[in-house]
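Here the structure comes first, spelled out in structure tokens, and everything after it is commentary.
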Amino acid sequence: MADDRFHVYDTTLRDGAQQEGLNLTVADKLAIARYLDRLGVGFIEGGWPGANPKDTEFFRRARTELDLKHAQLAAFGSTRRPGMKAADDPLVAALRESEAPVVTLVAKSHDRHVELALRTTLEENLEMIRDTVSHLRAEGRRVFLDAEHFFDGYRSNPAYALEVIRTAAEAGADVVALCDTNGGMLPDELADVVHEAVTATGARIGIHCHDDSGCAVANTLAAVKAGATHVQGCANGYGERSGNANIFTVVANLQLKRGYDLVPPESLRELTHIAHAISEITNVTPNSHQPYVGVSAFAHKAGLHASAIKVDPMLYQHIDPALVGNDMRMLVSDMAGRASVELKGRALGYELTREQSTALVERVKELEAQGYTFEAADASFELLLRDTVGELRPRYFTVESWRVIVERRPDGEVVSEATVKLNAKGERIIATGEGNGPVNALDKAVRVALERLYPELAAVELIDYKVRILEGSHGTGAVTRVLITSSDTDGEWSTVGVDENIIEASWQALEQAVTYGLLRAGRTAP
Ligand SMILES: [Zn+2]
């Protein structure tokens with residue numbers, strides 16, 4: 001169990017799930033909870049049982065299907081309705097029945113919200129807090145209180161906002177989390193209010209920030225500095241509008257820069273993996289620029305800096321990326337000279353000779369002049385490097401020919417059919433695939449052809465496809481550049497193809513994607 005002196009409280013499954021386009025099944029929620037527990041957060045807010053049938057189901061299944069090592073589950077719900085007893089409120093009953101050891105109650109702390117949204121008196125709102133907190137405490141639950149719209153409420157009526165904190169704490173709430181529900185606060189003012197709340201009430205204070213001003217993480221850190229000992233946030237910063245405070249960034253900052261001991265260091269080294277695994281489950285494309293865990297978070301466009309990075313990488317990065325399971329990457333571009341190519345080679349595990357790196361730089365420049373780019377296509381670069389340094393590029397298959405037919409049927413449906421003829425392991429294979437587009441059909445045909453010989457291809461998925469038309473130069477026609485991103489269970493890689501014909505460009509990227517996938521899977525050349 002995590003140390004109780006400082007709480008890392010995740011609300012991905014409740015507040016994060018409010019993100020536009022994010023739709024989680026109960027199985028998704030259970031899977032995300034396992035990853036958050038593996039990271040070592042103290043609390044996982046599972047949802048609002050009673051208000052949402054899926055969340056009721058989550059808590060029911062969690063009892064038998066989740067074996068949490070670090071985290072405790074928290075059920076979220078509101079204080080009882082005006083004019084009744086907490087013990088008689090069916091929504092409060094659903095919180096009890098969730099059997100979550102922690103209940104987080106949301107309560108109004110802004111006087112105008114009490115009057116306009118809740119349509120009750122300020123005194124009755126305090127009574128609702130008192131009654132619901134003490135009822136759940138008597139039922140053996142640990143209770144946290146989320147004070148909604150706290151900062152706007154404090155501006156409107158500071159005495160009342162503070163009274164909400166005192167009432168909750170006196171009734172037995174362990175933490176009162178101050179919520180910047182509208183997300184518009186800036187760190188300096190927020191820190192002043194948190195400081196006032198801590199000193200004026202003596203209650204244990206938590207913080208819950210939204211990112212509408214782009215300051216959710218900064219606000220969370222400022223609140224901690226001002227005395228908050230409980231931080232709330234969401235995986236990858238998920239949440240409605242601009243999102244919630246990114247719990248991964250908050251944890252990494254507090255642990256690596258402020259000396260807090262929040263999660264086991266070996267779990268922090270899994271942060272990048274966990275962040276990406278969760279984005280697989282949510283089906284939200286990972287933000288490549290996300291601090292600490294993004295694929296670009298430690299990517300350097302070498303050029304001028306390359307020789308210095310070679311001597312001491314820490315001159316150019318804020319932390320050692322290995323601490324969060326990320327990697328320094330060197331971007332290969334026509335700006336880059338031999339030093340960065342050597343460095344990139346070394347990062348991939350090759351010591352290049354002077355002749356080899358010169359040859360590779362020449363080759364990169366030549367291809368870039370034709371429209372290729374290796375900055376975003378690491379896998380293509382590695383295959384090129386292997387080609388340049390000798391017989392290190394495995395040929396798992398060779399292509400005899402391919403063909404794609406696109407048909408618009410009488411009912412208006414457009415379908416594509418691809419046929420590939422390949423040679424692999426001494427066999428000549430002819431396979432067809434159908435798809436909604438020509439690349440999809442080619443991808444399917446290649447799999448049909450090769451999966452019997454290379455079953456590991458089943459784990460390889462084509463996850464992104466980008467096309468760019470490049471203006472021709474020096475009297476040549478326009479060419480098409482295709483970038484394909486693929487993934488397996490351990491990560492992602494990108495490949496590039498260029499041709500005047502978009503399908504040929506796609507084929508090049510696809511062929512490399514499959515080759516690299518097999519290389520990653522540890523296949524040696526036949
Ligand atoms: Zn919120």
Side-chain angles (χ1 to χ4, degrees), residues 7-24 29 32-33 36 41-49 51-52 55 58 73-79 95 100 102-110 112-114 117-118 129 143-155 161 164-165 168 173 175-187 190 193-194 197 205-224 228 230-251 278 282 284:
H7 295 170
V8 177
Y9 183 106
D10 181 275
T11 177
T12 306
L13 304 182
R14 200 268 308 170
D15 222 7
Q18 303 299 312
Q19 174 159 318
E20 190 175 359
L22 204 151
N23 239 315
L24 301 177
K29 287 182 147 209
I32 292 172
L36 292 168
V41 307
F43 300 90
I44 297 171
E45 191 173 82
W48 191 334
N52 182 342
D55 292 355
F58 169 82
L73 282 185
F76 179 90
S78 69
T79 51
L95 295 172
V102 177
V103 172
T104 299
L105 291 171
V106 58
K108 304 257 181 242
S109 54
H110 187 312
R112 288 185 41 82
H113 278 273
V114 173
L118 217 50
I129 294 169
V143 179
F144 300 158
L145 190 102
D146 275 359
E148 201 183 53
H149 294 289
F150 184 85
F151 295 92
D152 302 315
Y154 186 88
R155 267 189 209 138
V164 164
I165 301 178
V175 174
V176 178
L178 311 184
C179 302
D180 181 17
T181 311
N182 291 343
M185 294 296 289
L186 299 179
L190 179 132
V193 176
V194 170
I205 296 298
I207 187 74
H208 174 111
C209 293
H210 285 256
D211 203 29
D212 300 74
S213 58
C215 292
V217 169
N219 282 343
T220 304
L221 298 179
V224 169
H230 165 117
V231 290
Q232 299 195 358
C234 295
N236 298 324
Y238 297 143
E240 62 182 328
R241 307 189 309 274
S242 306
N244 283 56
N246 187 330
I247 197 85
F248 299 150
T249 317
V250 168
V251 166
I278 290 177
T282 59
V284 174

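Numbers here are sequence positions counted from 1. This structure is a prediction, so every number in the text was calculated from the model and none was measured. Just follow the structure's listing: the first ligand is 1, and inside any ligand the first atom is 1.
- Remark: R241 CZ is packed, more than 12 non-hydrogen atoms of other residues, nucleotides or ligands lying under 6.0 Å away.
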Trace of the salt bridge (charged side-chain N to carboxylate O under 4.0 Å, His left out) decision for D55 with R14: CA-CA 9 Å; D55 292 355; R14 200 268 308 170; over 6 Å; no
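- To the nearest 0.5 angstrom, F248 atom CZ is 6.5 Å from T12 atom OG1.
- With hydrogens and angles disregarded, no donor-acceptor distance shorter than 3.5 Å links the side chain of T11 to the backbone of G233.
- Annotation: protein N, O or S atoms under 2.8 Å of the Zn ion (ligand 1) (waters excluded) comprise D15 OD2, H208 NE2, H210 NE2.
- Under the rule for a side-chain hydrogen bond (donor to acceptor under 3.5 Å, both in side chains), the partners of D15 that lie at least two apart in sequence or sit in another chain are H208, H210, N244.
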Assess whether side-chain contact (heavy atoms from CB on, under 4.5 Å) is satisfied between N219 and D180, documenting all intermediate values. CA-CA 9 Å; N219 282 343; D180 181 17; 4.2 Å; yes
